[in-house]
Amino acid sequence: MYIIPILTYAGEAWAPFISTSTWRKIEAVQTINIRVILGQPSIVKNSVLLHTTGFVTVKHLIKKNALATFHRISTSQYNHIKNRILV
């Protein structure tokens, strides 16, 4: 609840520029925190942790937020907002 907003803040802007190794580090912050909260050992797979808690990866969440933002902009009733997509 506290970590996800920090990890995804302005993700739509910076996510396209992140390397694979940096994504692994960001995802590690998420899974380490889930592991600590649940008190699970390191032998439990990250995918199991995410599935058990109902969370998705940070990368997936940022992609979902970016698509939602793009949709809101493209369907805006205001032309000055819709025209920002073309810039």
Side-chain angles (χ1 to χ4, degrees):
M1 186 158 112
Y2 297 108
I3 301 299
I4 296 298
I6 294 168
L7 293 176
T8 60
Y9 181 76
E12 296 89 341
W14 55 259
F17 306 104
I18 300 297
S19 67
T20 304
S21 62
T22 304
W23 273 118
R24 278 191 231 118
K25 292 174 186 176
I26 292 170
E27 299 294 341
V29 171
Q30 179 187 28
T31 54
I32 288 169
N33 281 287
I34 293 170
R35 195 175 304 283
V36 168
I37 290 167
L38 296 179
Q40 295 297 312
S42 60
I43 60 171
V44 178
K45 289 185 175 187
N46 293 342
S47 59
V48 172
L49 289 174
L50 291 171
H51 180 70
T52 302
T53 58
F55 292 138
V56 295
T57 63
V58 174
K59 189 174 188 176
H60 178 79
L61 187 56
I62 290 173
K63 184 176 181 180
K64 180 179 154 191
N65 289 345
L67 289 171
T69 300
F70 182 77
H71 177 72
R72 280 193 308 273
I73 290 171
S74 65
T75 59
S76 174
Q77 64 179 337
Y78 303 106
N79 286 331
H80 68 283
I81 293 175
K82 280 196 270 192
N83 293 338
R84 294 304 300 167
I85 293 175
L86 302 174
V87 175

Count I, L, V, M, F, W, Y as connected when their side-chain heavy atoms are under 4.5 Å apart, and connections chain through other members. Are Ile34 and Ile3 then in the same cluster? no
So, for Ala13 and Phe17, which heavy atoms are closest and what is the spacing to 0.1 Å? O-CE1, 3.3 Å
What's the spacing between Phe55 CZ and Asn33 CG if we round to 0.5 Å? 10.0 Å
May I ask you to check whether Thr69 and Arg72 show a side-chain donor-acceptor distance below 3.5 Å? yes
Would a hydrophobic clustering, with Ile, Leu, Val, Met, Phe, Trp and Tyr connected at side-chain separations under 4.5 Å, put Leu49 with Val29? no
May I ask whether Val56 and Leu50 are part of the same hydrophobic cluster, defined by side-chain heavy atoms of I, L, V, M, F, W, Y residues being less than 4.5 angstrom apart, directly or through others? no
Under the side chain to side chain contact (heavy atoms under 4.5 Å, CB included) rule, what do Thr75 and Phe70 come out as? Steps first, then yes or no, please. CA-CA 9 Å; Thr75 59; Phe70 182 77; over 6 Å; no
Given Gln40, which partner from the list Val36, Ile43, Ile37, Leu38 fulfils the side-chain contact (heavy atoms from CB on, under 4.5 Å) test? Leu38
How far apart are the closest heavy atoms of Ile26 and Leu7, and which atoms are they? O-CD1, 4.1 Å
To the nearest 0.5 angstrom, please state how far the CZ atom of Arg24 sits from the OG atom of Ser19. 8.0 Å
Any donor-acceptor pair under 3.5 Å from Glu27 side chain to Thr22 backbone: no
Restricting to non-hydrogen atoms, name the atom on Pro16 and the atom on Gly11 that form the minimum distance, rounded to 0.1 Å. CD-O, 4.3 Å
Does anything in residues 42-67 pair up under side chain to side chain donor-acceptor pair (under 3.5 Å), and if so which pairs, sequence neighbours excluded? Arg35-Asn46
Do any N or O atoms from the side chain of Trp14 and from the backbone of Tyr9 form a donor-acceptor pair under 3.5 angstrom? yes
